[in-house]
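Okay, structure first, notes after.
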Amino acid sequence: MIADESELTAGVKIEPGRDYGFFTDSSLCIGCKACEVACKEWNALPMDDFGLTGMSYDNTRALSASTWRHVAFIEKISDGRSENFSRPTALKPYQSNWLMLSDVCKHCRRAGCLEACPTGALFRTEFGSVVVQQDICNGCGYCVPSCPFGVVELSGTDGKAHKCTLCYDRLKGGLEPACAKACPTNSIQFGEVGDLHERAQRRLAELRRIGRTDAQIYGTPGAQGATGGIESLHCSFLILDKPEVYNLPQAPELPMERIPESLKTGLGFWAGLALASGVLIAVSQWGKEPRQ
Amino acid sequence: MKEQPAFAPYEGENYYGLAAMKPSHYRWRIGTAFSLLGIGTGAQILSTLLDVLGDGEKGDRDLVKLGRYMGLAGSVAAPLLYVLDLHTPQRWFNMLRIFRKSSMMSIGSWTLTGLGALSAMALLGSIVEEAGLEKGGKWAGRLFELPAALLAALASVYKGAEIEQTNTPLWASVSPLLSTFLASADAAGAASVLSLAAGGRPETKKGLDAFALLAGIMEMLVYARMTQKWKERVSSSPVQGQGLQAGWSGGAVALGIIAPAVIRGLDLLKGSEKNNASSAAASIGSLIGSMLIPSLLIIAGNRTAGTPQDYFRYTEPQQFRRAARQRPGQTQLPGAPLLLLGAAALGISLLKRRS
């Protein structure tokens with residue numbers, strides 16, 4: 001084993017106390033699924049349903065308890081220039097109308113799953129990632145609908161929540177995550193979050209300069225995906241169409257922001273009802289003989 | 001090539017119709033737990049009101065004891081169902097490992113723990129009272145029932161807040177109203193049970209029916225606002241599906257909310273003492289509503305979570321949402337305190353007219 005191998009493979013030394021994540025540049029993705037395979041192999045994740053989905057080359061469908069990297073394939077049948085949505089006869093430079101994106105847990109700056117967890121099983125590591133402690137999780141499942149991106153899921157096998165750990169064990173050993181190391185085109189880039197966000201902006205500017213004006217960033221502060229109190233995603237993306245095309249929400253919300261108002265409104269109802277009851281009873285007793 | 005703006009209106013795109021978020025794992029156990037807990041907490045609060053504001057006659061004391069029994073039953077049955085629903089139930093105690101104020105489930109776990117203990121002690125007061133130590137039992141019961149009532153209010157409200165605090169479109173889009181909606185169903189349901197048990201106490205029965213009517217009016221108002229918000233942020237009819245829409249509109253809303261409120265309102269206007277049958281009918285309707293509403297909301301909510309169009313409409317940037325831009329404070333029920341006082345004033349004037 002090479003000490004601090006990530007310095008050689010990703011150009012970044014991994015140190016506790018700093019925030020690490022991914023920048024996934026879908027303009028470089030070739031849909032090879034090396035990331036899916038590497039993730040499954042390293043984490044010993046079981047196979048999902050075996051069968052063809054008919055969803056282009058995507059037979060995984062979505063992130064789940066046993067799929068922590070998911071490559072989305074979107075065939076854009078029409079390039080918008082042909083009428084009647086017929087297949088284009090001339091391709092645009094730099095990728096055809098076939099979009100590919102390797103989706104992953106976003107390890108949000110403010111994570112809905114972590115803030116919802118009542119047991120403390122979900123915690124933030126010294127590397128800024130969000131991890132489920134399997135020896136504490138009791139499978140309540142509250143993290144599942146609290147995640148705005150549909151990442152974390154309960155396993156049908158062991159009844160606990162599972163999701164990407166940003167290869168916590170590899171980070172502790174100075175290695176970059178398995179998916180980033182396996183990616184042959186450097187579509188998945190690993191590094192410190194701040195550096196990755198700057199890299200994302202530079203890449204966006206470069207793509208727009210060469211004519212790819214539909215490119216957009218997802219997950220950096222102020223961008224799509226980092227809304228509603230989430231602040232930013234430690235795993236950001238460069239996408240070539242609207243987020244919904246990739247099954248990502250444009251303006252997700254952190255559900256916890258709603259708690260105070262919800263509790264105040266409900267408790268106010270009970271207070272008002274109790275007060276009204278008191279008034280009714282007092283008035284109904286008014287003028288009657290006091291009880292002995 | 002046209003430059004893609006940072007944010008854009010949602011135009012129906014999705015990824016092969018696959019869900020963009022994962023639905024909750026709530027099923028029949030959670031729906032049933034919500035109903036039982038709701039009626040129990042409502043009864044705990046009502047028994048406290050009866051104890052403190054009632055005239056102390058034996059019939060009322062019996063109702064106070066019944067309310068305390070119901071409060072304890074709800075605060076024991078619901079956690080049992082919650083534990084059975086865990087996918088690793090043998091680790092249920094991890095719920096009490098930490099307190100996390102950002103997690104409604106954590107708040108609820110601690111609230112139910114406290115409520116169970118206090119409800120048991122309040123009931124013990126009633127038992128001591130019946131055993132002969134009347135004054136001591138009464139005051140012991142009151143000592144515990146007051147904090148129990150406060151925790152019961154929190155427990156009643158936390159259920160709606162818990163499901164609102166997810167990204168499920170049906171639940172999250174009506175925040176902060178679900179806590180009040182479910183709490184008003186609890187109040188109406190609990191008052192209905194006690195009204196059915198208050199046969200020999202016409203004055204108390206009338207008061208409980210008036211309480212249930214007030215709760216029912218609030219339920220209707222909140223529901224009206226909820227349907228508006230669903231139209232704005234999810235779809236025109238988010239409660240869809242074979243049987244579900246009929247169960248919701250016919251069972252929960254018509255039979256469980258509207259019919260009882262209409263019956264009780266008419267009874268109040270007629271001012272007749274002989275309204276046992278109509279009162280019972282209204283009470284049964286409210287109970288049906290209390291039992292159906294949580295379960296149907298859970299089923300319908302999970303369906304919207306599994307429908308990408310519903311979720312993407314809900315997560316559409318605010319500036320593109322179909323309704324006008326939300327005004328500050330619009331999410332709060334407009335004029336709720338005034339409406340409640342107005343309903344109370346109506347009740348008072350009707351009672352005065354009768355006497």
Side-chain angles (χ1 to χ4, degrees), chain A residues 55 61-62 72 74 115-120 136-142 144-150 153-154 159-160 211-214 216 223-224 242 244-247 249-253 255-256 258-259 261-263 265-267 269-270 272-274 276-281 283-284 291, chain B residues 1 3-4 7-8 10 13-16 18 20-25 49 53 55 86-88 91-92 94-95 97-98 100 102-106 109 153 157 160-161 164-168 172 175-176 179-180 183-184 187 207 210-211 214-215 218 305 312 315-317 337 340 344 347-348 351:
Chain A
M55 297 172 188
R61 298 172 199 260
I74 303 110
E115 299 207 4
C117 179
T119 64
I136 296 175
C137 178
N138 61 13
C140 74
Y142 197 39
V144 175
S146 298
C147 172
F149 306 102
E153 176 63 295
L154 294 185
K160 301 185 195 68
R212 196 77 213 216
T213 52
D214 56 352
Q216 47 197 297
Q224 300 164 105
K242 291 172 73 180
E244 292 90 345
V245 170
Y246 297 90
N247 223 16
Q250 249 196 93
E253 292 176 0
M256 295 73 212
R258 297 192 281 269
I259 292 179
E261 205 177 346
S262 189
L263 288 179
T265 309
L267 291 172
F269 158 78
W270 273 116
L273 200 57
S277 307
V279 168
L280 277 172
I281 291 169
V283 168
S284 71
R291 62 173 189 241
Chain B
M1 189 180 297
E3 183 165 316
Q4 188 70 29
F7 292 90
Y10 175 56
E13 302 92 343
N14 62 85
Y15 185 72
Y16 302 107
L18 292 174
M21 64 161 289
K22 305 271 191 296
S24 78
H25 285 265
L49 287 171
L53 301 172
D55 57 14
L86 291 173
H87 285 67
T88 315
R91 289 189 188 166
W92 65 269
N94 283 354
M95 292 298 199
R97 192 174 157 267
I98 60 163
R100 182 166 263 156
S102 63
S103 168
M104 276 314 309
M105 194 174 276
S106 182
S109 299
V157 157
E164 271 179 14
Q165 194 214 330
T166 65
N167 291 288
T168 304
S175 179
S179 54
T180 305
S184 53
F211 187 94
L214 278 178
M218 184 57 88
F312 290 143
T315 53
E316 188 177 30
L340 201 53
I348 291 166
L351 282 168

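Reminder, nothing fancy here: chain letters follow the sequence lines and each chain counts from 1.
- In this structure the side chain of B/Met218 never reaches within 4.5 angstrom of the side chain of A/Leu273, judged on heavy atoms.
- Using a 4.5 Å cut-off between heavy atoms, B/Pro317 contacts chain A through both its backbone and its side chain.
- When each of A/Phe149, A/Trp270, A/Tyr246 is checked for heavy-atom pairs under 4.5 Å with chain B, A/Trp270 comes out on top.
- Within the 4.5 angstrom heavy-atom criterion, only side-chain atoms of A/Glu153, from C-beta onward, approach chain B.
- Counting heavy-atom pairs closer than 4.5 Å to chain B, the top-ranked of the candidates A/Cys137, A/Cys117, A/Ala62 is A/Cys117.
- In this structure, the portions of A/Cys140 lying under 4.5 Å from any heavy atom of chain B include both its backbone and its side chain.
- When each of A/Ala223, A/Gly141, A/Ala116 is scored by its heavy-atom pairs under 4.5 Å with chain B, the top score falls to A/Ala116.
- Residue B/Leu86 holds its CG atom at 10.0 Å from CG of A/Leu154, rounded to the nearest 0.5 Å.
- Taking every heavy atom of both residues into account, A/Ile136 and B/Asn94 meet most closely at O-ND2, 2.7 Å.
- With a 4.5 angstrom heavy-atom cutoff, B/Ala305 does not touch chain A via any of its atoms.
- Using a 4.5 Å cut-off on side-chain heavy atoms (C-beta onward), B/Ser179 and A/Leu263 make no contact.
- Between the B/Thr88 side chain and the A/Gly159 main chain, a donor and an acceptor come within less than 3.5 Å of each other.
- Among A/Gly278, A/Ala274, A/Gly266, the residue making the largest number of heavy-atom pairs under 4.5 Å with chain B is A/Gly266.
- Put simply, of B/Leu18, B/Asn167, B/Ile98, B/Asn14, the one with the most heavy-atom pairs under 4.5 Å next to chain A is B/Asn167.
- Side-chain contact between A/Thr119 and B/Arg91 is absent, with no heavy atoms from C-beta onward closer than 4.5 Å.
- Annotation for A/Pro252 and B/Thr315: closest pair CA-CG2, 4.1 Å, computed over non-hydrogen atoms.
- Top candidate by heavy-atom pairs under 4.5 Å with chain A, chosen from B/Ala153, B/Pro23, B/Ser109, is B/Ala153.
- For B/Arg100 against A/Gly120, the heavy-atom pair with the smallest separation is NH1-CA, 4.0 Å.
- Checked by atom type and distance alone, the side chain of B/Gln165 never pairs as donor or acceptor with a backbone atom of A/Ile259 at under 3.5 Å.
- Between A/Tyr142 and B/Met104 the shortest side-chain heavy-atom distance falls below 4.5 Å.
- Both the backbone and the side chain of A/Leu267 come within contact range of chain B, with heavy atoms under 4.5 Å apart.
- In terms of heavy-atom proximity, A/Val245 sits nearest to B/Tyr15 at O-CD1, 3.5 Å.
- A/Arg258 places a side-chain N or O within 3.5 Å of a backbone atom of B/Thr166 that can act as its donor or acceptor partner.
- With chain A as the partner, the residue from B/Glu164, B/Met21, B/His25 showing the most heavy-atom pairs under 4.5 Å is B/His25.
- Contact annotation for B/Leu49: only side-chain heavy atoms (C-beta onward) come within less than 4.5 Å of a heavy atom of chain A.
- The shortest heavy-atom contact between A/Ile74 and B/Tyr16 is CA-OH, 3.9 Å.
- Rounded to the nearest 0.5 Å, atoms CZ (B/Phe7) and CD (A/Gln250) are 7.0 Å apart.
- Among the candidates A/Gly150, A/Ser146, A/Gly139, A/Pro145, the residue making the largest number of heavy-atom pairs closer than 4.5 Å to chain B is A/Pro145.
- Using a 4.0 Å cut-off between charged side-chain N and carboxylate O, A/Lys242 and B/Glu13 make a salt bridge.
- Contacts with chain B were tallied for A/Met256, A/Glu253, A/Glu244; A/Glu244 has the most, counting heavy-atom pairs under 4.5 Å.
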